[in-house]
Amino acid sequence: MEKLKEKLKRKIEEHRPRTIKLLKEYGNHVVGDVTVGQVIGGMRGVKSLVTDISYLDPDKGIRYRGYTLPELMELLPKVEGAEMPYVEGAFYLLLTGDIPNKEEIAEIADEYNKRKHVPQYVLDVISALPENTHPMIMMSSAILAMQQESVFYKRYAEGMSKFDYWDATYEDALNLLAKLPEIGAFIYRYKFKGGDIIKSDPTLDLGGNFAHMMGIDKPYDDVARMYFIIHADHESGNASAHAGHLTNSTLSDLYYSLSSMTNALAGPLHGLANQEVLKWLQNVAKQLDGQVPTEELMKKFVWDTLNSGQVIPGFGHAVLRNTDPRYTVQRDFCLKHMPEDKLFKYVDMLFRVVPDILTEQGKAKNPWPNLDAQSGVIQWYYGLREYDFYTVLFSIGRAIGVAANIIWDRALGYPIERPKSLTTNMLEEIVGLKK
Ligand code: NMX
Ligand code: MLT
């Protein structure tokens, strides 16, 4: 069996000439125009990044290395007796483009086991933060605190060749990805379970061990696997992936980069939306004494939120123009495991009423639900009621895709990222408002 790192090296060497040829021979070929709306409007739709790890089709949703999520759930090897595949296998696929066999998954699992011990000083950093600190601050601080462990940082200081940047980044990635579930579970048990920490079990796969350390029974192991896999990647322009990519483009190492990724994910328009959905639903439930509302009443709650100048969390998307397949994967899980759950019924009713309302309001370009509309409800059902924690789960998943992207960024030598700004005067001159 070709070892993961050897395979990656071979694939990188095969790929490099393609990037070099495009750059050298077609560097001036025009890819697209940029409008004033895009310059002011958050660069929406500007084609200015390249990744082969995943692609987001506006209509059909995300594909990892060409595979849809339902295809992946079928093709990736599954943990014995489980419904969901190994998270380790998703990382292998994102990194190499190949569906791994069980032996190849075992190699990653073994690497993770060797690397997952979290140094005590990191746990001390988390514990030193004030009691009301958000779990995302804890996550980001823990990652940053470990920066001194960076292989990239040490080897760069020793004069590493730029052709080896990916290798050092790969080492950082495995070291960090192995530790993130441990750190996440520590944050949860420390903050919400009175510090009753559950030790890692080296015999379990990543998802199974995470559920074990969280102290939540089956089938939460499958929830964890599904959750980490579907959150792993969404091409490279989303705010968290882009923050990680941008930071790493300065040759800040992966510790700085994944901390940046975490910080970007913590905003309510991005990863924190899953917490906002739960908050919104709980508020509706409270006002109705826990009863399932009629559709008419639900419509009123939705309009009240819009009329007070707030967004409906869990709906809309910058790229997608259809229901997010990550929403559908989770909905299918709910229909199988918790069809009678009251909050799930609320979510399903939102699916029926919100798109028409957003369409009628006429502002959102995509009235359909995104992944965050479903994800919190599943966590709540399995007893994880501290919704402040939900985005930490997102960050553990997202780190897998961002790390894979960054290893390839360094392998292909993408330069420091530095777009150009204009002034408002210049834009007014361009459109002819000023001479
Ligand atoms: N509820 C109300 N208004 C919305 C919504 C929504 N769910 N989605 C978009 N709009 C508004 C948006 O605020 C903007 O208003 P204005 O012109 O007053 O600034 C207008 O519609 C046009 O926005 P779009 O171009 O459709 O969306 P954009 O690409 O700017 O933003 C999101 C995308 C995802 C930030 C936006 O749809 C949103 O705020 N959704 C709710 C929050 C959410 O669910 N975020 C999670 C996204 C997925 N993730 O995990 O990251
Ligand atoms: C994501 O998963 O990052 C979100 O859907 C946001 C995005 O793709 O812009």
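Ligands are counted one by one from 1 in listed order, and the atoms in each one are counted from 1 as well.
Of the protein's heavy atoms, none falls inside 4.0 Å of atom 19 (O) of ligand 1. Using a 4.0 Å threshold on non-hydrogen atoms, atom 27 (O) of ligand 1 does not count as touching the protein. For atom 9 (C) of ligand 1, a protein heavy-atom neighbour is found at a distance under 4.0 Å. For atom 14 (C) of ligand 1, no protein non-hydrogen atom is found at a distance below 4.0 Å. Of the protein's heavy atoms, at least one falls inside 4.0 Å of atom 43 (C) of ligand 1.
Rounding to the nearest 0.5 Å places CG of N175 at 8.0 Å from CD of E149. Distance check, rounded to the nearest 0.5 Å: CD of Q374 to CG of D332 gives 9.0 Å. With values rounded to the nearest 0.5 angstrom, L69 atom CG is found 7.5 Å from I62 atom CD1. Residue I400 holds its CD1 atom at 8.5 Å from CG of L180, rounded to the nearest 0.5 Å.
Distances from atom 51 (O) of ligand 1 to the heavy atoms of R398, H270, Q310 show the closest one on H270. Nearest to atom 47 (C) of ligand 1 by heavy atom, out of I312, V319, L269, is L269. Summarising the contacts of atom 23 (O) of ligand 1 with K365, E276, H231, Q361, the nearest heavy atom is found in K365.
Contacts between V311 and ligand 1, counted as non-hydrogen atom pairs separated by less than 4.0 Å, involve both the backbone and the side chain. Within the 4.0 Å heavy-atom criterion, neither part of R44 lies near ligand 2. Residue R44 touches ligand 1 through its side chain alone, judged by heavy-atom distances below 4.0 Å. With a 4.0 Å heavy-atom cut-off, ligand 1 is reached by no atom of V277. Contact annotation for N274 and ligand 1: no heavy atom of the residue comes within less than 4.0 Å of the ligand. With a 4.0 Å cut-off on non-hydrogen atoms, L306 touches ligand 1 through its side chain and not its backbone.
Atoms of ligand 1 found under 4.0 Å from any heavy atom of A273, numbered from 1 in the order shown, are 43 (C), 44 (O), 45 (N), 46 (C). The distance from ligand 1 to the heavy atoms of A318 drops below 4.0 Å at these ligand atoms: 29 (O), 33 (C). For ligand 2, the atoms closer than 4.0 angstrom to any heavy atom of R326 are 1 (C), 2 (O), 4 (C), 5 (O). Close approach of ligand 2 to N238 is summarised as follows: ligand atoms under 4.0 Å from at least one heavy atom of the residue are 3 (O), 6 (C), 7 (C), 8 (O), 9 (O). Counting atoms of ligand 1 from 1 in the listed order, those under 4.0 Å from a heavy atom of G314 are 43 (C), 44 (O).
Scanning the protein heavy atoms around atom 3 (O) of ligand 2, the nearest turns out to be R398 NH1, 2.8 Å. With respect to atom 8 (O) of ligand 2, the closest heavy atom belonging to the protein is H234 ND1, 2.7 Å. Residue, atom and distance of the protein heavy atom nearest to atom 6 (C) of ligand 2 are H317 NE2, 3.5 Å.
Considering both main-chain and side-chain atoms, S240 never comes within under 3.5 Å of ligand 2 through any nitrogen or oxygen pair.
Below 30°, between 30° and 60°, or above 60°: for Y165 and Y156 the angle between ring planes is between 30° and 60°, a tilted geometry. Between F389 and Y188, the two ring planes are tilted [angle within 30° to 60°].
Residue-environment remark: NZ (K279) stays at or below the threshold of 12 foreign heavy atoms within 6.0 Å.
Assignment of E235 to the shell around ligand 2 is not supported, since no heavy atom sits closer than 4.0 Å. For H231, the heavy-atom gap to ligand 2 stays at 4.0 angstrom or more.
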Test side-chain contact (heavy atoms from CB on, under 4.5 Å) on W368 and Y327 and set out the steps. CA-CA 10 Å; W368 301 106; Y327 174 90; over 6 Å; no
Are S260 and T247 close enough, and set up right, to give a side-chain hydrogen bond (donor to acceptor under 3.5 Å, both in side chains), and what steps lead you there? CA-CA 7 Å; S260 295; T247 302; 2.8 Å; yes
Given ring pair (Phe, Tyr, Trp, His ring centres under 6.0 Å), test Y255 with Y153 step by step and report yes or no. CA-CA 10 Å; Y255 292 79; Y153 181 75; 9.7 Å; no
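Inspection of the E276 and Y387 side chains reveals no N or O donor paired with an N or O acceptor under 3.5 Å.
For H317 and H234, the gap between ring centers is short of 6.0 Å.
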